[in-house]
Amino acid sequence: MATTEHPPPSRLRTWMLEGLSDMGKQGGHTGPHAQPEPPHKGQRWWRVMCLTGVDYFSTLGYQPGIAALAAGLLSPVATIVLVIVTLAGALPVYRRVAEESPHGEGSIAMLERLLTFWKGKLFVLTLLGFAATDFLITITLSAADASTHLVENPHLTSTLHDKQMLITLILVALLGAVFLKGFLEAIGVAVALVAVYLTLNVVVVIVGVWHVATAGHVITDWSSALTAEHGNVFAMVGVALLVFPKLALGLSGFETGVAVMPHVQGDEGDTEEDPRGRIRDTKKLLTAAALIMSVFLIATSFITTLLIPEKEFESGGQANGRALAFLAHEYLGGAFGTVYDVSTIAILWFAGASAMAGLLNLMPRYLPRYGMAPHWARAVRPMVIVFTLVGFLVTWIFDADVDAQGGAYATGVLVLMSSAAIAVTIAARRARQRGWTIGFAVVSAVLLYVTVANVVERPDGVKIGACFIAGIILISLLSRLARAFELRVTSVTLDDMAERFVRDMASRKMRFIANEPDQRDKAEYRDKIEQIRADNDMPEQEDFVFVEVTVTDPSEFEASLTVRGEVLHNRYRVLTLESSSIPNALAALLLHVRDSTNCTPHMYFEWTEGTPFANFLRFFLFGQGEVAPVTREVLREAEPDRARRPRVHTG
């Protein structure tokens, strides 16, 4: 492969690219890159649960208020429906996702296996668009809600009432700074925040339940009003099912729970191929988080509905978006209320940490592998900066408004959950598990209903998601175009016969003929040699080795290369390769032969019929096209030193 010398990278570049890794590499990627960071040992499952929990548990900051606005007096009943869907639907789905995709790719990887070529890539890019919607809006919405709690604190309202945008931008920047520092620091902060926040919520819930129990008329008034408004239990359940899609934000923690799965420690005997301990502990993580959240959701929706006047939930009311904070101030005093506000602000701010971790795990697994992002996109720090800047843009576009981002947030969450349910349904069907297939199919239908209902109710969400999808696809295609002539073979391996051919040729001129295999009969190879000799005016005694490339999936960008040698018709030596791109495979072979023999190889081509533009499109989309000039261009980019560059001849 190319061995061109490069100047040593600067300290800033080394720091920025620390931890850069090459997916799928066996012998290293060509070019100067930072050394990969040694894999960390992971964290105990309950610590990682706190990282995903800062997203999941922080929804307590606004979920009771959303439920009260959506369902009114029926808020506790609608929340029970949400809990049933959580425990009987979402939890089994994501436990299965953890089992099927233990490296954090989630349901996207499961669905990617069903589709090949460009349609598979476009499908994955679409799902990544919804994932970006989910995770990025998690960062900006949570920061905006944290700033809302800060601005609406009774002690700070007069000072900060017009500073919400600035505060939100500062919070997003601080989150990025934590991840620039290091991931382990993020987990440590998450554990402390979750412990404090849940403890304070336990206090608020206990005090709220005590007030409900001691003021007997509260329950009586509520049940009487509920009966008068809805008539009977069946009507209540029906209405609760109808308003349930509006409560979908309460399901937000599962996708990030799977995305951070690679950070779960597991057992000492775990391997990348069989991480049983990691799978088991991730299931514990998902189950514990779902149970904790379910208890809090029911309890908080009950006390907020019974103790807070309905008008306070509306826009401009003191409980709007901060129902539990309202109760903390009302029943436990200003000091405790302020402590609760600080805790809520902190966990809402850091809720973006699980989303950031999800983005950093998800995007580098796909886009660089597809050639649809620069190679540095696999390093953590550059991507943190990119996501932070996008967070600034989203915050500015939505003016740090929580309600304006809610539709996009719910849409991203629900699309990913629906895709996960569909993926596990297909997995169960392929495993011939009839019971699980039916169960997961029912869950898929429920989640699809909720998704469609949410889109109909709040079409702005899918519009925002479409913008993310369009942006990702556009940037990805531009990146693929920009990297079209990049040498992207990660390693070259020759079998014994191929090695023998190369060693034999090293004692004289190394001449290869690029051949598109057709019948592979004796006449084909004889005629090809005669044509090459005539086109290049070469003497009879020159001998050649044929090189034949079979195109596999042209939409793939990076792969290793295995070269096999064979002798056909007892005379013609042929090297066979499989690759997503013919020019890249030929260029990689020539560079490998040059480096292993210290000889300059020559390769001979014939011109391809057709216009240059049409041939380029064939190369870009199907890995073929005008092979000779593209091979030469790949070699030119990989080896700037013309004297050391393998020779390309076209006749």
Side-chain angles (χ1 to χ4, degrees), residues 38-57 83 85-113 183-184 186-188 190-191 194-195 198 251-296 353-355 357-358 360-362 365 416-417 419-437 439-440 443-444:
H40 60 76
K41 296 181 179 180
Q43 299 284 311
R44 298 291 300 276
W45 68 266
W46 57 269
R47 288 177 63 85
V48 182
M49 184 195 73
C50 290
L51 180 64
T52 186
V54 290
D55 172 22
Y56 198 17
F57 300 145
V83 167
V85 173
T86 298
L87 298 180
L91 179 58
V93 163
Y94 278 93
R95 283 171 63 92
R96 182 62 176 259
V97 170
E99 192 174 311
E100 297 281 344
S101 181
H103 303 297
E105 306 98 320
S107 58
I108 295 177
M110 296 173 66
L111 293 171
E112 182 191 24
R113 301 176 197 134
F183 186 78
L184 293 180
I187 291 182
V191 171
V194 167
L198 291 184
L251 296 167
S252 64
F254 287 99
E255 195 66 35
T256 49
V258 173
V260 299
M261 188 174 176
H263 303 289
V264 176
Q265 185 175 14
D267 296 334
E268 289 186 5
D270 281 4
T271 63
E272 285 300 302
E273 294 75 24
D274 186 23
R276 295 184 183 181
R278 182 196 295 170
I279 293 172
R280 182 198 64 238
D281 286 352
T282 301
K283 289 181 177 180
K284 290 180 184 178
L285 179 159
L286 295 169
T287 304
L291 290 173
I292 292 170
M293 191 62 176
S294 296
V295 171
F296 273 109
S354 60
L360 293 173
N361 180 64
L362 203 59
R365 288 185 179 272
L416 291 179
M417 294 193 75
S419 70
I422 293 170
V424 298
T425 302
I426 295 170
R429 186 173 181 274
R430 287 186 169 182
R432 298 183 179 179
Q433 299 170 329
R434 182 179 175 83
W436 282 113
T437 302
F440 288 139
V443 175
S444 300

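A search for side-chain contact (heavy atoms from CB on, under 4.5 Å) contacts involving A427 returns R96, E100, M110, not counting sequence neighbours.
Between K283 and E99 there is a side-chain heavy-atom pair separated by less than 4.5 Å. Counting heavy atoms from C-beta on, the side chains of F57 and I292 come closer than 4.5 Å. V85 places none of its side-chain heavy atoms less than 4.5 Å from the side chain of V443. When side chains are defined from C-beta on, Y94 does not count as touching T282, because their heavy atoms never get closer than 4.5 Å.
Atom CG of L285 is separated from atom CZ of R47 by 13.0 Å, given to the nearest 0.5 angstrom. Rounding to the nearest 0.5 Å gives a distance of 13.5 Å between NZ of K284 and CD1 of I279. Interatomic distance, CH2 of W46 versus CG of L51, reported as 13.0 Å (0.5 Å rounding). For the atom pair L198 CG and F296 CZ, the distance stands at 5.0 Å (nearest 0.5 Å). Interatomic distance, OG1 of T437 versus CD1 of I426, reported as 10.5 Å (0.5 Å rounding).
Between the side chains of S294 and T86, not a single donor N or O lies within less than 3.5 Å of an accepting N or O.
Minimum interatomic distance between C50 and A190 (heavy atoms only, all atoms of both residues): O-CB, 3.7 Å. Between M261 and A98, the shortest heavy-atom distance links the atoms CE-O, 3.2 Å. The shortest non-hydrogen separation linking A90 to M417 is CB-CE, 3.3 Å. G53 approaches V194 most closely through the heavy-atom pair C-CG2, 4.3 Å. What you find for Y56 and A289 is that their closest heavy atoms are CE2-O, 3.5 Å.
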Item to complete: Begin from the C-alpha positions of R95 and T287 and carry the test side-chain contact (heavy atoms from CB on, under 4.5 Å) through to its verdict.
Response: CA-CA 8 Å; R95 283 171 63 92; T287 304; 2.8 Å; yes
Worksheet item: V258 and T52: side-chain contact (heavy atoms from CB on, under 4.5 Å), yes or no, with the steps?
Response: CA-CA 9 Å; V258 173; T52 186; over 6 Å; no
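Using a distance-only test at 3.5 Å, with no hydrogens or angles considered, a donor-acceptor pair links the side chain of S444 to the main chain of A421. Listed for the S419 side chain is a donor-acceptor partner under 3.5 Å among the backbone atoms of L416. No donor-acceptor pair under 3.5 Å is formed between the side chain of R44 and the backbone N or O of Q265.
One finds a salt bridge joining R280 and D267 here, because a Lys/Arg side-chain nitrogen approaches an Asp/Glu carboxylate oxygen to under 4.0 Å.
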